[in-house]
Amino acid sequence: MSMIISSEIIKASGMSEDELLLEIILLLFQQEKISLGKAAELLNMSQVRFQQLIADRGICIHYDVAELQEDIQHLTGKGWL
């Protein structure tokens, strides 16, 4: 599915198309509608760069205990822990 945002909305926002896309993705991330990885992918940037971006804006990373446990299992499985 594609979404068309009218040029009137873009003009009214005072932002470029890329800036508006960034703000939409950040909002979806903040509302926990998309993951950090998906947000970074949609913005065509690394997860580390996206983490820097949200840190600069004071946005919480939404990292809970279950995700930490998954990461520990993954790292242990790779022999990195």
Side-chain angles (χ1 to χ4, degrees):
M1 179 174 104
S2 295
M3 185 172 94
I4 298 172
I5 299 175
S6 73
S7 56
E8 183 179 339
I9 292 172
I10 294 170
K11 185 177 179 181
S13 74
M15 294 184 259
S16 70
E17 289 179 37
D18 288 341
E19 290 169 329
L20 187 55
L21 177 63
L22 171 67
E23 295 304 322
I24 291 168
I25 291 171
L26 285 169
L27 181 64
L28 291 171
F29 175 77
Q30 280 183 288
Q31 294 179 353
E32 298 185 40
K33 302 294 183 189
I34 59 174
S35 67
L36 184 143
K38 188 56 158 180
E41 177 187 327
L42 291 169
L43 292 169
N44 199 28
M45 65 174 59
S46 71
Q47 288 187 22
V48 171
R49 173 67 190 111
F50 185 72
Q51 288 175 358
Q52 291 170 337
L53 176 67
I54 61 175
D56 291 346
R57 290 181 173 228
I59 298 170
C60 177
I61 197 167
H62 311 300
Y63 191 75
D64 63 16
V65 173
E67 289 171 311
L68 173 62
Q69 290 171 336
E70 284 179 32
D71 286 345
I72 290 171
Q73 288 177 347
H74 177 75
L75 294 171
T76 302
K78 295 243 180 215
W80 295 345
L81 280 184

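For the single chain, residues carry numbers from 1 onward in sequence order. Model, not experiment: these values are computed from the prediction. Scope of the values below: all heavy atoms of this structure, side chains included, with no hydrogens, waters or symmetry mates.
Follow the hydrophobic side-chain contacts under 4.5 Å out from Ile5 and you reach Met15 in the same cluster. Hydrophobic cluster membership is shared by Leu75 and Ile61, with clusters built from Ile, Leu, Val, Met, Phe, Trp and Tyr side chains linked at under 4.5 angstrom. By the rule that hydrophobic residues join a cluster once side-chain heavy atoms approach within less than 4.5 Å of another member, Ile24 and Met45 end up as members of one cluster.
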Identify each donor-acceptor pair in which a side-chain atom of residues 34-42 lies under 3.5 Å from a protein atom, sequence neighbours left out, and give them as a table.
unit_1, atom_1, unit_2, atom_2, d
Ser35, OG, Lys38, N, 3.0
Lys38, NZ, Glu41, OE2, 3.3

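The distance from the NZ atom of Lys11 to the OG atom of Ser6 is 11.5 Å, given to the nearest 0.5 Å. Taking CZ of Arg57 as the start and CG of Leu22 as the end, the distance is 5.0 Å to the nearest 0.5 Å. Atom-to-atom distance recorded for Leu68:CG and Gln73:CD is 10.0 Å, nearest 0.5 angstrom. For the atom pair CD of Gln69 and OG1 of Thr76, the computed distance is 11.5 Å after rounding to the nearest 0.5 Å.
Counting heavy atoms of neighbouring residues, nucleotides and ligands inside a 6.0 Å radius, atom CD of Gln31 exceeds 12 of them. Few gaps surround CD on Glu19; more than 12 heavy atoms of other groups in view lie less than 6.0 Å from it. In the displayed structure, Asn44 atom CG is contacted under 6.0 Å by at most 12 heavy atoms of other residues, nucleotides or ligands.
Sorted by first and then second residue, the ring pair (Phe, Tyr, Trp, His ring centres under 6.0 Å) pairs involving residues 40-61 (not counting sequence neighbours) are Phe29-Phe50.
Shown here for Leu20 and Ile10, the closest heavy-atom pair between the two residues is CD2-CG1, 3.9 Å.
The only option from Val48, Leu26, Ile59 that meets the side-chain contact (heavy atoms from CB on, under 4.5 Å) definition with Leu53 turns out to be Leu26.
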